[in-house]
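Protein chains get the first letters and strands the later ones, always in sequence-line order, with residue 1 at the start of each.
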There are 2 protein chains.
Amino acid sequence: MSEAKILDAALRLLDQGGPVAASVRRIAAEVGVAPNAIYTYFPDKAAVLRALAERLLGGVDHDVFADPEQHWGVRVEALALELRATLTAHPGAVGLLVGGPLDGPSSMALNERLLQLFADAGLGPAAAAQASYLLMVYVFGSVSREVAGVHEGGPLPPEPERAAARRAELSTVPVDRFPLTAAAAVTMAGSTSTEQYLWGLRRILVGLSAVAGPDGDDGSSGAVAR
Amino acid sequence: MSEAKILDAALRLLDQGGPVAASVRRIAAEVGVAPNAIYTYFPDKAAVLRALAERLLGGVDHDVFADPEQHWGVRVEALALELRATLTAHPGAVGLLVGGPLDGPSSMALNERLLQLFADAGLGPAAAAQASYLLMVYVFGSVSREVAGVHEGGPLPPEPERAAARRAELSTVPVDRFPLTAAAAVTMAGSTSTEQYLWGLRRILVGLSAVAGPDGDDGSSGAVAR
DNA sequence: ACAAACTTTGGACGCTGTACAGCCACGGTG
DNA sequence: CACCGTGGCTGTACAGCGTCCAAAGTTTGT
């Protein structure tokens, strides 16, 4: 019996049964122990879930993206993709990441890497801090919206089926009242969620590269360009 | 007795006690009725919360931003600020918005307006759809992260106290292991969350304006600029 | 072999969302 | 006016939840 075994069981239940399945009693049963035994290793259920979130974030190997030879934008993009892959692999656990404060060591290591990347891009400390916050918000928010609606567990279905689901759903949009929304739904159904993710990510990177430069401008002045 | 009274009570409890306080029994007690009476008007608890989310989104008056005289970027920014204000006014309810699928009429009306704004900006239908998705992700994700950690109810404390809390928290960052993160925390503590929100929002708008133009390019080609 | 420390357990408390059967006050029809 | 059907509401109940307490069991140190 150990913290690791408990987290294993919790993740297993979360993966196949969603958040509702990850109860203290079920976790304990999965480990083969009485419910209360959990409280020997964690003060309460929230601590278990926090630890699990930390473990998942720790699984993102971001040392790969340290190589300063490559362009910073490419490295940020690769890291964002890696992070998304890690999160979507466990849809039921995504809620743990967006709900909590993300102040564990793995979260900080990830943030540190991101800050390093933006420093490489020529952003000053203030701009890098804001940029890393922006990117985190986008990555987590995007994945969160993507898995929203997968109420009861199971992994994310493969992309073809998800596209079909989107197509079926768009017929419920009242075309006469929301013509643009209906058209947008058709458009969105025509591309994979990875493409959509990358599109937004690249807009953000473009917006960031506009403040990147040797002067270290923090880009706080003025409204949108033009 | 009516749907409206139930939603009133639910929102009241959500505001002062957070998500945990919004139980069916508590809502019923607040209305002055037996718990089961709720099920006369809503099939289950989730339906109550969905309806409440819809009502909140319906409270965002976006007709104001239809005026095509003003620059599209200014109008998007104003809408994003209005939306954020609506959400942060009820921190306990933010979770309802990021969890659900956002397919109600108010959500669609909001999306429709956003699509219109991006069409005004010169984005083609595909790019407008992606842009609106990107903006929604940012707004909801940003607010969600902002209210994360306000576990037990109550309104968001005023900005000075939040800044103080951030400052107190940053002393827990191990400076030797995460120097950039520590520095970033100091930086973030020096600006209000509204400023941070606007900073990211403007990076996104800059990134979007790069694909805005008479050609209606969908901006899908190539990696980040440079 | 004894004691101390730690782990695990059975049982319980108060809470949750929700189903079933019955009550009660109302509207339309004789 | 009397009647009866209908629909909102209630009392009760069930299974499950997170968590605490006291007792039991197990391991460790001497």
Mind calculating the distance between CD1 (A:Ile6) and C1' (C:dT8) to the nearest angstrom? 12 Å
Please confirm whether the backbone N or O of B:Gln130 pairs with a side-chain atom of A:Gln196, one donor and one acceptor, at under 3.5 Å? no
Measure from the side-chain N and O atoms of A:Thr88 to the backbone N and O of A:Ala85, and report whether any donor-acceptor pair falls under 3.5 Å. yes
Comparing A:Thr40 with B:Ala21, nearest DNA chain C nucleotide closer to 5' gives the residue A:Thr40
What nucleic acid atoms does B:Ala37 come within less than 4.0 Å of, heavy atoms only: base, sugar-phosphate, or nothing? base
Ignoring hydrogens and angles, answer whether the base of D:dT12 and the side-chain atoms of B:Asn36 contain a donor-acceptor pair closer than 3.5 Å. yes
Does the side chain of A:Arg26 get closer than 4.0 angstrom to OP1 or OP2 of D:dG16 through an N or O atom? no
Which nucleotide in the set C:dG17, D:dC9, C:dT9 lies at the smallest distance from any side-chain heavy atom of B:Val33? D:dC9
If you compare every side-chain N and O of B:Tyr41 against the phosphate oxygens of D:dC9 (OP1, OP2), does one of them come in below 4.0 Å? yes
Polar side-chain atom of A:Tyr197 near backbone of A:Ala80 as donor-acceptor pair, under 3.5 Å: yes
Should B:Ser23 be listed as having a side-chain N or O under 4.0 Å from OP1 or OP2 of C:dT16? yes
note: A:Leu13, atom CG; D:dG16, atom C1'; distance rounded to Å ~ 15 Å
How many Å lie between CD1 on A:Ile27 and C1' on D:dC17, as a whole number? 12 Å
D:dT10 P sits how many Å from B:Ile38 CD1, rounded? 10 Å
Figure out the CE/C1' separation between B:Met1 and D:dC9, and round it to whole Å. 10 Å
Round to the nearest Å and state the distance from A:Asp44 atom CG to D:dC17 atom P. 17 Å
Identified salt bridge (charged side-chain N to carboxylate O under 4.0 Å, His left out) counterpart of B:Glu30 within the set B:Lys5, B:Arg12, B:Arg25: B:Arg12
Nearest-angstrom distance from the residue atom CZ of B:Phe42 to C1' of D:dC9: 16 Å
Donor-acceptor pair, A:Glu112 side chain versus B:Leu180 backbone, under 3.5 Å? yes
Starting at atom OH of A:Tyr39, determine the distance to atom P of D:dC21, rounded to an integer number of angstrom. 13 Å
Polar side-chain contact B:Arg25-C:dG17 base: donor and acceptor under 3.5 Å: yes
